[in-house]
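Heads up: the structure comes next, in structure tokens.
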Amino acid sequence: MAKIKVKQVRSAINRAQNQKRTLEALGLRRIGQVVEHDDTPNILGMVNKVKHLVSIVEA
């Protein structure tokens, strides 16, 4: 299965609680942190929800 790397590029401070929880569910805790996930519809939906806070790098 394809992998994607997700990098947090903006802070979660002053964001809605559901966006903070989405970042936490993705495994992101700090700016600059990169996590790798499978390219599934669930993960892509989570990334789309916080697309203004993260960047995606194809693995």
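A donor-acceptor pair under 3.5 Å links the side-chain atoms of Gln8 to the main chain of Arg10, judged by distance alone. With hydrogens and angles disregarded, a donor-acceptor distance shorter than 3.5 Å links the side chain of Gln33 to the backbone of Gly27.
Contacts of Val34 classified as side chain to side chain contact (heavy atoms under 4.5 Å, CB included), with partners at least two apart in sequence or in another chain: Lys5, Lys7. With sequence neighbours excluded, no residue forms a side chain to side chain donor-acceptor pair (under 3.5 Å) with Asp39.
Rounding to the nearest 0.5 Å places NE2 of His37 at 5.0 Å from CG of Leu26. The distance from atom NZ of Lys3 to atom OG1 of Thr40, rounded to the nearest 0.5 Å, is 10.0 Å.
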Without placing hydrogens or testing angles, list every side-chain donor-acceptor pair under 3.5 Å for residues 42-50, not counting sequence neighbours.
unit_1	atom_1	unit_2	atom_2	d
Asn48	OD1	Lys51	NZ	3.4

Only pairs under 3.5 Å count here: list side-chain donor-acceptor contacts from residues 12-24, not counting sequence neighbours, and write none if there are none.
unit_1	atom_1	unit_2	atom_2	d
Gln19	OE1	His52	NE2	3.3
Thr22	OG1	Asn18	O	2.7

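Using a 4.5 Å cut-off between side-chain heavy atoms of Ile, Leu, Val, Met, Phe, Trp and Tyr, with links allowed through other members, Leu53 and Ile31 fall into different hydrophobic clusters.
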